[in-house]
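Input: a single structure, listed below in structure tokens.
The structure displayed is predicted, hence computed values, not measured ones.
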Amino acid sequence: MRPFFELLKKIIQTGVGKTRFLMAAVGLGIAMLLILIAIQAHSNFSQLLYSSKNQNETADFLVINKTITNAMMGQSAKSIFTPEEIATIKRQPFVQSFGLVTSSQYKVVVQAPGDLHFATDMFFEAVPDSFLDVKGQDWKWSEGDRTIPIILPNDFLNLYNFGFSLSQDLPQISQETVKALPLQVNISNNQVSDQYMGHIVGFSDRISSFLVPASFMAWANEKYGMTTAAGTSRVIIKTPDPSNPDLVKFLEDNGYTTNQDKLKFSKTRLIVQTIVSVVGFFGLILLFFALLVFSMFIQLVIASCKREIQLLVILGTAPKQLQRYLLRQFVPLYIVIGILSLLLVAGLQYWAARELAQHEMLVSTWPGVPVFAGIALVLGLVYIVNLLTVRKYVNNI
């Protein structure tokens with residue numbers, strides 16, 4: 001076997017052999033590196049989207065309504081969701097939970113007491129309590145109560161404090177003051193008008209509407225409703241990923257709209273996924289060429305050693321023994337390339353984790369299980385391809 005090994009070394013060190021050997025090694029290294037980077041980048045992106053450490057709860061709730069077009073103006077019925085459309089939204093895979101937004105069917109006027117001299121027409125809406133980001137014992141109402149708990153959107157108070165109050169020379173008010181103010185709520189229809197006291201129990205960043213308990217809404221619509229029960233023009237969903245391209249496509253295809261700020265990462269996600277896919281694709285292409293070059297190199301070695309191999313076979317050496325011997329010359333190279341690629345990916349991941357942590361985005365410090373599975377798969381594939389190549393050409397001698 002020793003002369004055979006010495007001949008193998010000479011073939012590797014010749015111009016053609018050395019070139020092919022280096023091409024195969026470099027190609028395999030780059031291919032493995034690109035594939036591992038693509039796998040780890042996909043893992044990091046998943047952690048940024050779905051990990052509980054990075055999730056922003058307020059971004060998971062979307063209020064959806066139909067896009068109003070010129071053709072729909074003056075035809076409010078077209079903005080109502082049909083039962084079939086509601087059922088379609090419910091069964092979408094990106095919808096974790098679903099709720100209806102119930103609107104008031106009566107007139108509402110809210111007036112602030114004292115020197116504020118503030119009165120405004122208003123509308124009420126109600127959603128299931130599970131969709132609220134304001135919790136408290138005050139959020140309840142039963143028939144006979146004259147005080148209505150109300151949740152205001154934070155944007156409404158900001159508009160008053162930094163817009164209306166400054167332009168009208170009125171005092172700005174804090175959230176604590178608003179909660180302490182007793183509001184006069186006038187509810188009326190074409191036949192009757194009643195007064196209630198409104199009590200602000202909280203401010204919502206999730207839903208931009210004036211919310212009252214669902215129990216009050218059902219009772220008030222029945223008592224003061226000026227029309228027959230209208231359909232639902234707005235629905236609310238909870239989704240694990242507002243930037244899900246499938247969600248964005250569903251909304252666009254059906255003419256629905258929501259808070260676009262919560263969907264702004266959809267295009268970024270598509271770009272990142274495209275880049276990761278392209279990197280992985282080039283890695284697979286390079287892996288294919290590396291396997292091809294390795295096969296050509298093995299063919300060259302076997303062809304150059306044809307006489308020696310034939311002599312060894314005549315002397316009683318089994319072909320399988322020759323195959324194992326030849327493969328043992330390449331396996332250490334595969335392992336070294338795999339380890340170097342893994343170390344380089346680990347260094348890049350450690351650097352990326354530290355940089356992202358400075359922006360409060362947390363990913364694992366070291367490569368995850370998919371990376372080790374990927375490197376094992378690539379090494380296994382390289383070994384199998386080379387085994388088949390060696391077996392084919394040795395047996396044909």
**Prompt:** Centres of the Phe156 and Phe210 rings: under 6.0 Å?
**Reply:** yes
**Donor-acceptor contact present, side-chain Glu355 to main-chain Ala352, <3.5 Å** = no
**Request:** Give a yes or no on whether the backbone of Val63 and the side-chain of Thr258 come within a donor-acceptor separation of less than 3.5 Å.
**Result:** yes
**Message:** For Trp366, give me all partners under side chain to side chain donor-acceptor pair (under 3.5 Å), at least two apart in sequence or on another chain.
**Reply:** none
**Asked** So, Tyr196 versus Asn186: side-chain donor-acceptor pair below 3.5 Å or not?
**Response** no
**Asked** Is it true that a side-chain atom of Thr67 and a backbone atom of Gly255 form a donor plus acceptor pair closer than 3.5 Å?
**Response** yes
**Item:** ILVMFWY cluster, Met122 and Met217 together (side-chain gap under 4.5 Å)
**Value:** yes
**Request:** Could you pull out the closest heavy-atom pair between Leu211 and Trp139, with the gap in Å?
**Result:** O-CH2, 3.5 Å
**Prompt:** Does one hydrophobic cluster hold both Ile187 and Val192, with members joined at side-chain heavy-atom distances below 4.5 Å?
**Reply:** yes
**Complete:** For Phe131 and Ile237 the tightest heavy-atom approach is CE2-C, 4.0 Å
**Message:** Assigning hydrophobic clusters by single linkage (Ile, Leu, Val, Met, Phe, Trp, Tyr; side-chain heavy-atom cutoff under 4.5 Å), is Leu377 placed with Phe281?
**Reply:** no
**Item:** Asn189 and Gln105: CA distance, side-chain angles, deciding distance, side chain to side chain donor-acceptor pair (under 3.5 Å) verdict
**Value:** CA-CA 9 Å; Asn189 55 23; Gln105 301 167 24; over 6 Å; no
**Item:** Matching residue for Trp219 among Phe124, Trp141, Tyr106 - test: ring-ring contact (aromatic ring centres under 6.0 Å, His included)
**Value:** Trp141
**Asked** Of all heavy-atom pairs between Ser208 and Arg234, which one has the smallest distance, and what is that distance?
**Response** O-NH2, 4.4 Å
**Verify same cluster id: Ile39, Leu340 (apolar side-chain graph, 4.5 Å)** = no
**Message:** Would the distance check show the side chain of Arg206 and the main-chain N or O of Leu132 forming a donor-acceptor pair, the cut-off being under 3.5 Å?
**Reply:** yes
**Polar contact flag, side-chain donor to acceptor under 3.5 angstrom, Asp133-Ser204** = yes
**Message:** What I want to check is whether the side chains of Asn254 and Glu85 have a donor and an acceptor closer together than 3.5 Å.
**Reply:** no
Quick one: side chains of residues 91-102, donor-acceptor pairs under 3.5 Å with protein atoms, not counting sequence neighbours, listed by atom name and distance.
residue, atom, partner, partner atom, Å
Arg91, NH2, Thr88, OG1, 3.4
Gln92, NE2, Thr88, O, 2.9

**Request:** Please answer: with hydrophobic residues joined when any side-chain heavy atoms are less than 4.5 Å apart, are Ile339 and Leu348 in the same cluster?
**Result:** yes
**Message:** Could you tell me if Lys66 sits above the aromatic ring of Phe81, with its cationic atom closer than 6.0 Å to the ring centre and no more than 45 degrees from the axis?
**Reply:** yes
**Message:** Using every non-hydrogen atom in the two residues, find where Gln195 and Gln184 come nearest and quote the distance to one decimal.
**Reply:** NE2-NE2, 3.0 Å
